[in-house]
Amino acid sequence: MLDYDPFDYALHDDPYATYRRLRDEEPVFHNRKFDFWALSRYADCQAAVRNFTLFSSAQGTTLEPIKAEVPTLINADPPVHTKMRHLIAGMFTPAKVAVLEQGVRDLARELLAPHRETGRIDVITDFAAKLPMAIICRLLGFPKADEDMLRNWTDTVVHRDEGVFEMPDEGMHASYALYGYFAEDMKRRAAEPPRDDIIAALMAAEAAGELSHEEVLGYIFILSIAGNETTTKLIGNMMFQLHRHPDQLALLHAEPDLLPSAVEETMRFDGPTQMMARTTTQDVPLHDRIIPKGAKVALLFTCANRDERKYERAEVYDIRRNPRDHLGFGGGLHACLGAALARLEAKVAMEELLAMTGDFAVEEARLQRMHSPQVRGFTHVPVTFAGGRA
Ligand code: HEM
């Protein structure tokens with residue numbers, strides 16, 4: 001019997017055998033227990049993200065029903081989505097984020113400094129968990145002193161207990177805490193001279209009547225959630241895959257210019273965002289089945305990224321591949337707004353990390369995975385190293 005249960009901890013350990021069976025045996029899968037559908041082939045996921053009239057985001061992009069009354073960028077269809085995205089899309093282009101490179105590098109070096117001489121580091125807790133949150137806090141103008149608190153809340157929001165469909169109480173409390181923090185921040189800003197940053201642009205949109213106060217809060221919420229966990233997990237997953245593929249690590253040390261391609265290949269091969277959900281707006285006939293109108297449909301992006309119908313030797317980790325058309329950042333209208341920032345952060349973080357460690361080993365017995373139906377990655381990646389170039 002083929003089953004796909006995204007809340008099953010065993011699946012989180014290694015979903016890829018199940019993913020292969022889904023693609024081959026049931027490309028349109030129905031999970032009866034939780035009553036959702038799953039698309040697993042690249043072509044089907046790509047078609048779905050490009051067809052918002054049939055596959056809507058407005059009922060939420062998680063499997064559980066959304067409780068929020070207010071549309072957020074990620075949970076909106078056009079024309080609401082178009083208006084919202086347009087407000088700050090220009091601040092996340094590759095050219096705009098390129099100016100952050102030195103700041104990201106300085107921060108990476110500062111975080112690595114205490115570990116250089118010790119020969120050991122927990123890539124997640126000592127480094128990767130701190131870097132993206134620090135950068136997003138800078139972009140949103142939040143003080144350094146609040147970073148750890150904000151990161152704890154955002155981590156709690158994405159955590160799911162085993163086999164539980166809904167957000168646990170702690171997750172709800174953490175969401176309220178984040179909303180409360182953002183509301184206070186906006187109140188403080190309103191009393192100060194205007195700044196020139198993302199929140200200022202959103203507040204200006206509120207003043208112009210383009211967004212409600214709640215919509216601004218929801219926007220900040222999405223920015224702080226989306227930019228934190230995923231980039232952290234990407235860095236951890238990349239260290240793990242390089243450890244498991246020593247030939248690829250050696251290649252990367254020999255040809256450091258391959259790093260951007262290696263980031264893309266890690267996104268394809270073992271990316272952090274396993275899936276995003278949509279809701280059908282009418283019956284959808286596909287591969288001899290009919291997904292009924294109003295059904296939740298999980299688009300299994302990392303599964304699609306290993307589809308042999310799309311990529312040759314799809315199950316092989318090959319850092320020369322440079323597969324920039326992977327679905328790890330989604331696609332269509334909702335394609336990741338922060339993709340250029342995530343790519344920059346991952347590149348710089350890995351450059352600095354590998355320069356410090358040289359060859360390294362992950363202590364596999366002490367690895368710890370996070371458990372979430374949507375995000376794949378580790379909470380601890382302990383690494384030992386003899387030392388590298390820097
Ligand atoms: C490796 C890191 C990241 C991964 C894997 C990732 C993945 C994704 C994916 C798959 C989507 C599409 C959602 C959908 O189709 O429903 C998305 C959307 C989004 N991401 Fe990212 N993301 C990453 C980093 C970031 C960063 C650093 C930011 C910073 C601001 C960010 C902000 C967003 C936003 C705002 C959206 C919603 C876009 C929209 O609905 O128009 N992401 N991301």
Side-chain angles (χ1 to χ4, degrees), residues 39 45-46 48-52 55-63 66 71-89 91-94 96-97 100 104 128 131-140 154 158 197-199 202 218-238 263-279 296-305 326-350 372 374-377:
L39 301 186
C45 289
Q46 189 186 49
V49 290
R50 289 178 174 177
N51 189 345
F52 65 87
F55 293 93
S56 164
S57 292
Q59 281 78 44
T61 46
T62 53
L63 290 176
I66 42 168
T72 57
L73 180 71
I74 207 160
N75 295 338
D77 291 332
V80 177
H81 174 267
T82 318
K83 178 191 74 175
M84 290 183 118
R85 180 142 176 154
H86 181 72
L87 289 171
I88 58 165
M91 297 180 174
F92 285 96
T93 61
K96 278 280 159 59
V97 303
L100 299 171
V104 177
L131 189 119
M133 196 62 196
I135 299 298
I136 203 74
C137 280
R138 278 184 201 179
L139 286 174
L140 296 175
T154 55
V158 295
D197 63 7
I198 296 168
I199 295 185
L202 295 174
Y219 215 135
I220 303 169
F221 182 81
I222 288 297
L223 289 172
S224 46
I225 295 279
N228 172 21
E229 189 78 61
T230 43
T231 315
T232 300
K233 299 310 183 227
L234 172 60
I235 295 166
N237 291 2
M238 189 156 172
V263 169
E264 297 308 317
E265 178 65 346
T266 309
M267 284 292 297
R268 182 195 74 80
F269 189 78
D270 199 16
T273 303
Q274 295 289 288
M275 54 111 151
M276 299 299 291
R278 299 289 189 267
T279 304
K296 260 299 174 195
V297 183
L299 308 178
L300 305 187
F301 292 147
T302 30
C303 173
N305 284 338
H326 62 73
L327 293 174
F329 288 119
L333 294 177
H334 290 278
C336 179
L337 181 69
L341 178 60
R343 286 176 162 129
L344 175 79
E345 287 179 10
K347 180 186 86 93
V348 173
M350 289 303 300
S372 149
Q374 264 171 302
V375 180
R376 176 175 167 75

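Just so you know, ligand 1 is whichever comes first in the structure, and atom 1 is the first atom listed for that ligand. This is a predicted model, so every value here is computed, not measured. One-based numbering along the sequence shown. Every heavy atom of this structure was used, including side-chain atoms; hydrogens, water molecules and symmetry mates were not.
Residue contacts with ligand 1, taken as heavy atom pairs separated by less than 4.0 Å, involve M267 solely via side-chain atoms from C-beta onward. Looking at T61 against ligand 1, only its side chain comes within 4.0 Å, counting heavy atoms.
T266 approaches L234 most closely through the heavy-atom pair CG2-CD1, 3.9 Å.
Among all non-hydrogen protein atoms, the one lying nearest atom 33 (C) of ligand 1 is A226 CB, 3.6 Å. H334 ND1, 2.6 Å is the protein heavy atom nearest to atom 40 (O) of ligand 1. Nearest protein neighbour of atom 18 (C) of ligand 1, counting heavy atoms only, is C336 CA, 3.4 Å.
For atom 5 (C) of ligand 1, the nearest non-hydrogen atom from the set T273, N237, V97 comes from T273.
For the pairing with R376, the side-chain hydrogen bond (donor to acceptor under 3.5 Å, both in side chains) check across T230, T302, D270, N237 returns one residue only, D270.
At under 3.5 Å, not a single nitrogen or oxygen of S57, backbone or side chain, sits near a nitrogen or oxygen of ligand 1. Of the polar atoms of R278, at least one N or O is found under 3.5 Å from an N or O of ligand 1, judged by distance alone. Residue R85 has at least one N or O atom closer than 3.5 Å to an N or O atom of ligand 1.
V49 is not listed as a side-chain neighbour of H334, based on a closest heavy-atom distance of 4.5 Å or more.
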